[in-house]
**Q** 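Quick one: the structure is below, and I'll ask about it shortly.
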Amino acid sequence: MSDTNYLNWPFFEERHRTLARELDAWATQHIAHGHGSDVDAQCKALVRTLGEGGWLQHAVGDAIDTRAICLIRETLARHAGLADFAFAMQGLGSGAISLDGTPQQRERYLGKVARGEAISAFALSEPDAGSDVAAMACSATLDGDHVVLNGEKTWISNGGIADFYVVFARSGEAPGARGISAFIVDAGTPGFEIAERIDVIAPHPLARLRFSDCRIPLTQRVGAAGAGFKVAMRTLDVFRTSVAAAALGFARRAMDEALQRATTRKMFNGVLADFQLTQAKLAEMALTIDSSALLVYRAAWQRDQGQNVTREAAMAKLAATEGAQQVIDAAVQMWGGLGVVSGQTVETLYREIRSLRIYEGATEVQQLIIGRDLIKQHGAANNA
Ligand SMILES: Cc1cc2nc3c(=O)[nH]c(=O)nc-3n(C[C@H](O)[C@H](O)[C@H](O)COP(=O)(O)OP(=O)(O)OC[C@H]3O[C@@H](n4cnc5c(N)ncnc54)[C@H](O)[C@@H]3O)c2cc1C
């Protein structure tokens, strides 16, 4: 672990410091940076390894420790983007069951997820409902003690390798966001198929799903009828700050790489780090990393205190993902031509960071959340 001084910040308790140090030592032994050619196999192996290491238990269950999740994602992202992805998706995919599942659902799924024996996925987005989630069209029609799903989901991480999917569909109790319910759909259920596998710039399992008269028992519904939107938002609320933590991990790795290169690359009778332009760039990168870390762990700490973090989580996600993109870009620049060679660590980071500015609420969506919250608080203060 490079610079661990931030672990002494008052946001953390001793157990968090121990967790971060132990995970870093474990990851150094068990996790390699970069993507191989078979990401499906790599992801499955990583889920198993993380389960055997005991790390996945932090991602499931009702006693969610946001600071622990953030430290784990930050640490894993610094070692390997795919390891962070595997950890995060076990949490996001099973999050609805952790928060709102019945005892039977929890019993059937959560233990396996925590041990790395079952892979989970979170299926909310659709071709015509991304940022505008409430526009979803996938339908869930009641038929006795079953529901019948029809429609499509897209951009579903772990699509194709997951053992079960938490699917959000329009059940029609009310218009808009109040008429959506969540259902667990096991892989292999008749009427459910992987319509398309999607390739992205930093490969990970991703797919478009299709439901054609897919019948599932009502006992697979998570939460009350019509409460699906709330279930989805509560799940995303837990994990939004952790996306920021992953971005922070990528940025820290880029900083390590930049320092390593700048202090050893010989040029003009010295090394790259001798130049003030380089020192200024390194200072900007460090400032961005520390500002992001402060925002990430403020939001995580505040959530662990049981406080509302709508604005704080949005600020953390926006600042850390946008900031990491800049830090990584600066690191690529310092590596010169080598920085754009396929498979170099900074080149991989450059591709890995990009989608974090889009998913779980694009940057513009976070700006709206922050702006609206400021106006709401201002109104409340004036009416008090
Ligand atoms: C790698 C990856 C993994 C993903 N994994 C999952 C998953 O596991 N499960 C899942 O359900 N979804 C997943 N998604 C989907 C993701 O959540 C959506 O891509 C995201 O919500 C944006 O939706 P969209 O792609 O339809 O873009 P659109 O909604 O079409 O938005 C396009 C752009 O418009 C801008 N924008 C949006 N709203 C506003 C606004 N109000 N004002 C101004 N500009 C705006 C933003 O820049 C945004 O990027 C994943 C996406 C990616 C890229």
Side-chain angles (χ1 to χ4, degrees), residues 35 39-40 43 47 59 73 77 81-82 84-96 113 119-138 149 151-170 177 180 182-185 187 194-211 222 228-229 231-240 242-244 246-247 250 314 317-318 321-322 325 348 350-373:
H35 290 141
V39 281
D40 282 7
C43 264
V47 169
R73 289 202 64 179
L82 215 50
D84 164 61
F85 168 81
F87 172 84
M89 281 315 303
Q90 288 298 89
L92 184 64
S94 65
V113 171
I119 295 180
S120 64
F122 177 83
L124 183 68
S125 306
E126 296 182 8
D128 292 322
S131 305
D132 185 7
V133 179
M136 78 169 57
C138 184
L149 297 180
E152 287 197 347
K153 293 283 163 186
T154 194
W155 310 119
I156 306 310
S157 296
N158 277 345
I161 67 162
D163 295 288
F164 69 92
Y165 299 73
V166 172
V167 179
F168 297 84
R170 184 159 295 292
I180 292 167
F183 303 94
I184 309 168
V185 181
I194 303 298
E196 178 193 11
R197 293 297 300 267
I198 305 168
D199 264 342
V200 281
I201 54 175
H204 71 241
L206 195 68
R208 181 162 56 86
L209 320 180
R210 184 179 298 132
F211 301 93
V222 186
F229 188 78
V231 171
M233 293 307 123
R234 262 158 53 74
T235 310
L236 288 172
D237 241 21
V238 174
F239 289 95
R240 184 165 295 129
S242 81
V243 177
F250 288 144
K317 185 185 184 261
L318 192 162
T321 57
E322 294 290 332
Q325 183 85 63
T348 310
Y350 191 78
R351 289 182 288 109
E352 279 176 324
I353 187 60
R354 190 59 185 89
S355 57
L356 277 68
R357 293 165 57 203
I358 297 171
Y359 63 58
E360 294 193 37
T363 291
E364 292 78 3
V365 173
Q366 306 307 330
Q367 285 176 317
L368 290 178
I369 293 172
I370 297 164
R372 283 184 191 145
D373 193 62

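As the structure lists them, so they are numbered: ligands from 1, and atoms in each ligand from 1.
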**Q** Does any N or O of ligand 1 fall below 3.5 Å from an N or O anywhere on E364, backbone included?
**A** yes
**Q** Going by the order shown, which atoms of ligand 1 are within less than 4.0 Å of some heavy atom of E360?
**A** 17 (O)
**Q** For the 3.5 Å polar cut-off, considering only N or O atoms, please tell me whether S157 and ligand 1 meet it.
**A** yes
**Q** Examine ligand 1 and decide if any of its atoms is less than 4.0 Å from a heavy atom belonging to L368.
**A** yes
**Q** Does K153 form a side chain to side chain contact (heavy atoms under 4.5 Å, CB included) with M136? I'd like the steps, not just the answer.
**A** CA-CA 9 Å; K153 293 283 163 186; M136 78 169 57; 3.7 Å; yes
**Q** For the residue pair V133 and F168, establish whether any side-chain heavy-atom pair is separated by less than 4.5 Å.
**A** no
**Q** Under 3.5 Å between any N/O of S131 and any N/O of ligand 1: does that happen in this structure?
**A** yes
**Q** Give yes if a backbone or side-chain nitrogen or oxygen of V365 is under 3.5 Å from a nitrogen or oxygen of ligand 1, and no if not.
**A** no
**Q** Please determine if S125 has a nitrogen or oxygen closer than 3.5 Å to a nitrogen or oxygen of ligand 1.
**A** yes
**Q** Considering both backbone and side-chain atoms of H204, is one of its nitrogen or oxygen atoms within less than 3.5 Å of a nitrogen or oxygen in ligand 1?
**A** no
**Q** Please report which non-hydrogen protein atom sits nearest to atom 49 (O) of ligand 1, along with the residue it belongs to and the distance in Å to one decimal place.
**A** A362 CB, 3.7 Å
**Q** Quick one: does atom 30 (O) of ligand 1 have a protein heavy atom under 4.0 Å from it?
**A** no
